[in-house]
Amino acid sequence: MSATCTRAYSLLCRFFPSMTRVRFAPSPTGDLHVGGGRTALFNWLFARKTGGTFILRIEDTDGARNTEDAKRGIEKGLRWLGLDWDEGPDAGGDCGPYFQSQRKDIYDTYLAKLEAADRVYTEDNGAVRFKFSRTAITVHDLVCGDVTFAPTEEPDMTVRRPDGSYIFHFVNVVDDIEMKMTHVFRGEDHLSNTWKHIDLFNAFGATPPIYAHIPLILNSDGSKMSKRDAGSAIEHSYINEGFLPDAVFNYLVMLGWTPRADKEVLGRDELVKLFDPAEIHSSNARFDLQKCQWFNAQYLRALSPEALFAAARPFIEAKGYVIADEATATAAVYSVKEKVSLLTEIPAWVHYFFREDYPFEADVTEKLKAKPENASLLRAAAAAFTTATEWTEASVQTAIEEAAKGAGVKPGALMPLLRGALSGQLRGPGVNTIGHLVGKDSTLRRIERALGLF
RNA sequence: GACCCCUUCGUCUAGCGGUUAGGACACAUCCCUUUCACGGAUGCGACACGAGUUCGAUUCUCGUAGGGGUCGCCA
């Protein structure tokens with residue numbers, strides 16, 4: 001960022017802290033793209049940081065492929081990420097309507113201004129073109145610094161189609177003027193076109209906003225990320241895959257900006273506090289699913305038992321498991337929280353808490369049958385459980401240890417057997433935790449059922 | 001093709017003329033441990049290349065290469 005820009009920016013923030021106005025202006029194409037989500041996120045961070053206004057404007061001038069469903073997809077993604085907008089659909093505001101499809105009169109008015117200034121001409125078929133100034137134009141960018149474009153040799157830019165509808169560059173600039181945007185955070189893919197926007201601002205006699213072009217998110221192989229790629233769509237890749245919004249928020253921020261902090265796991269409030277647009281990176285970043293999942297694991301583990309259960313519940317029920325007792329289910333889910341990094345992984349770790357006919361995995365059957373005396377060890381454990389007078393994690397533990405002692409083996413020899421019998425698998429929370437949570441009766445039934453394998 | 005942006009471990013990055021080039025994810029080994037994990041410790045691993053400027057370049061300048069982007073009556 002240039003010194004002039006830095007100064008202008010800090011002055012603006014110091015004296016007019018709540019005058020900043022930024023917007024996210026997506027074309028409603030369905031599921032929110034991560035790149036778009038992150039663009040929205042930086043706009044939101046800046047608005048919250050400066051006490052300004054975050055506006056959502058739907059650029060739906062291409063009526064053919066902009067459906068109501070598509071619009072809802074965008075809004076769902078934004079809401080899920082926690083990016084609330086102060087003006088826009090459902091929020092209202094003084095600069096509406098916030099759908100470009102409803103702003104034709106405004107565009108007509110602005111086109112008239114260009115006509116009056118002799119900056120447009122109509123072609124034979126009715127299309128209207130804007131006469132470029134064909135002077136050198138410098139973009140003062142918060143991220144990229146000053147970028148100067150030589151006088152263009154491109155043909156004049158079409159701003160209105162023969163059918164009367166308007167082109168992106170035109171409506172985008174008109175709306176940014178009308179909606180009084182002070183800053184524009186957008187993808188770097190727009191940098192090369194920004195001189196056209198500035199040319200338009202100048203033609204309207206308006207002051208361009210301060211631009212900040214943020215780097216793009218690439219696939220792990222460095223190619224451009226598009227719809228079908230892993231991690232590309234908020235609902236499909238994150239909501240449905242068991243990510244937590246805060247984790248995705250945190251990861252996405254880190255992909256374009258490194259906060260000055262001694263840790264990476266930072267909450268929204270901390271990120272807002274630390275955010276400095278001048279520190280946004282200038283190079284593209286590759287998407288790393290493993291790192292994103294690591295963030296998710298961190299946030300998962302920080303959840304309270306109740307919050308974790310609430311988040312996991314839909315994923316458990318989607319597998320068809322019936323939750324009869326919420327308190328037990330909550331404890332069951334909490335007992336495996338540090339074994340997973342995605343909510344979608346939880347059902348496979350807790351399914352046996354919700355049914356008695358859980359399958360015995362192959363290695364369990366193998367383990368149990370490996371030694372003939374395993375059956376008697378299980379019977380010894382059952383006997384110890386039967387005589388237990390109380391049923392807590394501690395008492396279950398004690399019963400197991402006593403059964404092992406009585407049978408002349410170490411608890412470690414009995415544990416895997418019991419684990420396999422009670423859960424059908426060789427991994428999971430402590431055996432005493434499983435026994436305690438499923439209850440005494442079920443514990444005995446489960447051992448009996450496992451005995452049937454011999 | 002023209003123009004624009006970018007270039008530190010595999011990935012995300014710190015660094016802002018002198019550092020044993022630091023951290024995180026991933027990976028490997030060890031410790032902990034009834035399993036799976038968590039956690040802890042250690043290790044592996046980078047300044048794209050070539051010229052300058054300088055006593056000294058990862059850091060500044062130029063070039064080359066590579067990656068990305070833009071050049072629509074898409075947004």
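Keep in mind that this is a model prediction, so the values were computed, not measured. Order of the sequence lines sets the chain letters (A, B, ...), proteins ahead of strands, with each chain counted from 1.
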From NZ of A:Lys196 over to P of B:C74, roughly how many Å is that when rounded to an integer?
13 Å

Rounded P spacing from B:A48 to B:C9 in Å:
7 Å

Within the distance-only criterion (no hydrogens, no angle test), does the side chain of A:Arg21 pair as donor or acceptor with the backbone N or O of A:Met181 below 3.5 angstrom?
no

Taking B:C27 as the reference, what is the distance to B:U59 when you measure between their P atoms (whole Å, please)?
33 Å

Rounded to the Å, how far apart are A:His213 NE2 and B:U70 P?
12 Å

Given the C1' atoms of B:G50 and B:C55, what is the spacing between them in whole Å?
22 Å

Write down the distance separating the C1' atoms in B:C47 and B:U20, rounded off to the nearest Å.
15 Å

Identify which nucleotide among B:C73, B:A75, B:G68 has an atom closest to any side-chain atom of A:Glu59, counting heavy atoms from C-beta outward.
B:A75

Test item: A:Val139 and A:Asp146 side chains (from C-beta on) under 4.5 Å apart, heavy atoms
no

Would you kindly give the CZ-to-C1' distance between A:Phe132 and B:C3, to the nearest whole Å?
13 Å

Does anything in residues 419-435 of chain A pair up under salt bridge (charged side-chain N to carboxylate O under 4.0 Å, His left out), and if so which pairs, sequence neighbours excluded?
A:Glu361-A:Arg427

If we call it a pair only when both distances are under 3.5 Å in a Watson-Crick or G-U wobble match, what pairs with B:U64?
B:A48

Using atom CD1 of A:Ile58 as one end and atom C1' of B:C74 as the other, report the distance to the nearest whole Å.
17 Å

Measure the distance from NZ on A:Lys263 to P on B:C25 and round it to the nearest whole Å.
15 Å

Report the base-pairing partner of B:G56 (Watson-Crick or G-U wobble, both distances below 3.5 angstrom), or none.
none

Below 4.0 Å: OP1/OP2 of B:A75 and any side-chain N or O of A:Thr29:
no

Between P of B:C74 and NE2 of A:His190, the distance in whole Å:
16 Å

Separation of the C1' atoms in B:U70 and B:C74, to the nearest angstrom
14 Å

Both distances under 3.5 Å, Watson-Crick or G-U wobble: report the partner of B:A37, or none.
none

For each nucleotide in nucleotides 29-44 of chain B, reading 5' to 3', give B when a protein heavy atom comes within less than 4.0 Å of its base, S when such contact involves only the sugar-phosphate, and - otherwise.
-----BBBSS------

Taking all non-hydrogen atoms of both residues, which atom of A:Arg134 and which atom of A:Pro151 are closest, and how far apart?
O-CB, 3.4 Å

Can you tell me how far C1' of B:C74 sits from CG of A:Asn172, to the nearest Å?
13 Å

If we take the C1' atom in both B:A57 and B:C16, what is their distance in whole Å?
13 Å

Please give the distance between the P atoms of B:A26 and B:C3 as a whole number of Å.
44 Å

A:Ala329 and A:Phe309: which non-hydrogen atoms are nearest, and at how many Å?
CB-CE1, 3.6 Å

Taking the side chain as everything from C-beta on, heavy atoms only, tell me whether A:Glu264 gets closer than 4.5 Å to A:Met254.
yes

Going by the rule salt bridge (Lys or Arg N to Asp or Glu O under 4.0 Å), which residues pair with A:Lys76 if we only count those two or more places apart in sequence or in a different chain?
A:Glu235

Strictly distance-based, threshold 3.5 Å: is any side-chain N or O of A:Ser423 a donor or acceptor partner for the main-chain N or O of A:Gly420?
no

For A:Tyr110, is the NZ or CZ atom of A:Lys113 found under 6.0 angstrom from the centre of its six-membered ring and inside 45 degrees of the ring axis?
yes

Give the table of side-chain donor-acceptor pairs shorter than 3.5 Å for residues 374-382 of chain A, with sequence neighbours excluded, one pair per line with atom names and distance.
unit_1: A:Asn374; atom_1: ND2; unit_2: A:Lys367; atom_2: O; d: 3.1
unit_1: A:Asn374; atom_1: ND2; unit_2: A:Leu368; atom_2: O; d: 2.9
unit_1: A:Ser376; atom_1: OG; unit_2: A:Glu373; atom_2: O; d: 2.7

In terms of side-chain geometry, is the basic nitrogen of A:Glu123 or A:Arg160 positioned less than 4.0 Å from the acidic oxygen of its partner?
no

A:Phe42 six-ring centre to A:Arg186 NZ/CZ under 6.0 Å and within 45° of normal
no

Which comes earlier along RNA chain B counting from the 5' end, the contact point of A:Ala150 or that of A:Tyr166, where each point is its nearest nucleotide?
A:Ala150

Considering every strand shown, what is the Watson-Crick or G-U wobble mate of B:A2 when both distances are under 3.5 Å?
B:U70

With a 3.5 Å distance limit and no angle check, can you tell me whether A:His281 reaches the backbone of A:Thr258 through a side-chain donor-acceptor pair?
yes

According to a strict under-4.0 Å criterion, is A:Arg57 in side-chain N/O contact with OP1 or OP2 of B:A75?
no

By nearest-heavy-atom nucleotide on RNA chain B, the more 5' of A:Ala25 and A:Asp262 is A:Asp262

Please give the nucleotide sitting opposite B:A24 as a Watson-Crick or G-U wobble pair, both distances under 3.5 Å, or none.
B:U11

Base, backbone or nothing for each nucleotide of nucleotides 4-16 of chain B, written B, S, -, heavy atoms under 4.0 angstrom, 5' to 3'?
SSSS---BSSSS-

P spacing across the pair B:G23 / B:G40, given as an integer number of angstrom
14 Å

Would the distance check show the side chain of A:Ser223 and the main-chain N or O of A:Asn219 forming a donor-acceptor pair, the cut-off being under 3.5 Å?
no

Pull up the glycosidic torsion of B:C38 and say syn or anti, syn being anything within 90° of 0.
syn

Calculate the interatomic distance between A:Lys224 atom NZ and B:G68 atom P; express it in whole Å.
11 Å

Would you jot down, in residue-number order, the residues of residues 118-129 of chain A having a non-hydrogen atom under 4.0 Å from RNA chain B?
A:Glu123, A:Asn125, A:Ala127, A:Arg129

